[in-house]
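Keep in mind that what you see is a predicted model, and the values were worked out from it rather than measured. Computed from heavy atoms alone, side chains included, the values below leave out hydrogens, waters and symmetry copies. Ligands are counted one by one from 1 in listed order, and the atoms in each one are counted from 1 as well.
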Amino acid sequence: MATNLPLTGNFNVTCEYKRQGTEWIAGWHTGIDMTGSDTIYGTCDGTVTRIGTNDKDYGNFIVVKAPDGKYHWFCHLSRIDVEVNQNIDRLTKLGVMGATGNVTGKHLHFEIRNASNKYADNSNPADYMGIPNKVGSYNSENYQIDSTNNNTGEMKTLAKNTNLRNEPTTSSSEKTLYIPNTTLYVLQASVAQADGYTWDKVRIRVNGKEGYMINKNYK
Ligand SMILES: [Zn+2]
């Protein structure tokens, strides 16, 4: 088991992706800000393509190219423990969280740029990590991925209490309740219409359990 998170244990999201504000040139926050354990880990199997030092905005930073062609940016570091062209994985210690560059305090700015690797051409890093894109306190234990299941299907987050059922009907013999912010993969969308609902076949991200859910309970 592993995660797509750069931090382990308890961590906080202190500024969400796409927050609007004039402090950013794009007019919105292109990454997600996180605090927690100091050690920064890899978030994919990838290759370090760039190391920056003392950048006026990003301070000390690392850029890793991921297998999907996107670029993972780790910014404001106090220390960098990898080199350009180094291959990394989710167990690699990339460096240490810091407060370098344009910051008001120690944190990690984690950003995922699309294949252009240009500023403000981004993907949602919270979706990638499987966490809510919302200021709050979280624990990496709840966002484990099974490498065999990694990124299978579209990932969704529950908005409310929702049952996972063994058949796509409210009268299924088995059901298990999952709580808001649980992340799951939609393996097959709209597999059935029953009891006035549309049902998806899903796999719960944290434990790999598969079954059926009503598709209107996602965020
Ligand atoms: Zn940031």
Side-chain angles (χ1 to χ4, degrees), residues 2-44 46-66 68-82 84 88 90 92-140 142-143 145 151 155 157 181 183 219:
T3 73
N4 285 340
L5 289 156
L7 306 177
T8 60
N10 292 315
F11 66 93
N12 304 297
V13 170
T14 56
C15 182
E16 73 277 12
Y17 173 66
K18 283 262 165 120
R19 185 184 288 188
Q20 306 291 304
T22 53
E23 62 267 50
W24 297 291
I25 294 165
W28 49 276
H29 190 217
T30 52
I32 192 163
D33 290 348
M34 310 169 78
T35 62
S37 59
D38 276 353
T39 303
I40 307 297
Y41 290 89
T43 45
C44 62
T47 307
V48 177
T49 59
R50 186 175 165 190
I51 300 282
T53 51
N54 298 318
D55 182 83
K56 71 177 169 56
D57 297 315
Y58 290 128
N60 302 323
F61 65 93
I62 298 166
V63 182
V64 171
K65 187 174 187 185
D68 61 3
K70 296 182 181 182
Y71 292 85
H72 294 197
W73 287 61
F74 305 83
C75 304
H76 311 307
L77 306 177
S78 65
R79 198 179 81 208
I80 290 173
D81 294 324
V82 291
V84 171
I88 64 110
R90 290 174 176 81
T92 306
K93 293 179 179 179
L94 302 182
V96 177
M97 190 185 292
T100 58
N102 183 15
V103 297
T104 54
K106 185 167 94 169
H107 73 281
L108 174 72
H109 173 96
F110 176 57
E111 168 167 336
I112 299 180
R113 293 190 181 179
N114 295 330
S116 75
N117 202 18
K118 291 217 170 82
Y119 178 69
D121 179 10
N122 292 88
S123 294
N124 185 331
D127 280 356
Y128 177 79
M129 294 183 283
I131 67 171
N133 185 34
K134 198 166 177 239
V135 169
S137 297
Y138 307 97
N139 189 294
S140 64
N142 296 322
Y143 303 100
I145 53 167
N151 295 336
M155 197 167 66
T157 303
N181 292 327
T183 49
K219 284 182 178 170

Side-chain H-bond candidate by donor/acceptor type, [X] with [Y], under 3.5 Å:
X     : Y     : answer
Thr35 : Asn12 : yes
Trp24 : Asp57 : no
Thr43 : Asn4  : no

> Could you go step by step and tell me if Phe61 and Phe74 meet the ring-ring contact (aromatic ring centres under 6.0 Å, His included) rule?
Replying inline: CA-CA 5 Å; Phe61 65 93; Phe74 305 83; over 10 Å; no
> Using a distance threshold of 2.8 Å, what protein N/O/S atoms lie below it relative to the Zn ion (ligand 1)?
Replying inline: His29 NE2, Asp33 OD1, His109 ND1
>> One pair to check against side-chain contact (heavy atoms from CB on, under 4.5 Å): Leu77 and Leu108. What are the steps and the verdict?
In response: CA-CA 7 Å; Leu77 306 177; Leu108 174 72; 3.9 Å; yes
>> Around atom NZ of Lys93, are there more than 12 heavy atoms from other residues, nucleotides or ligands closer than 6.0 Å?
In response: no
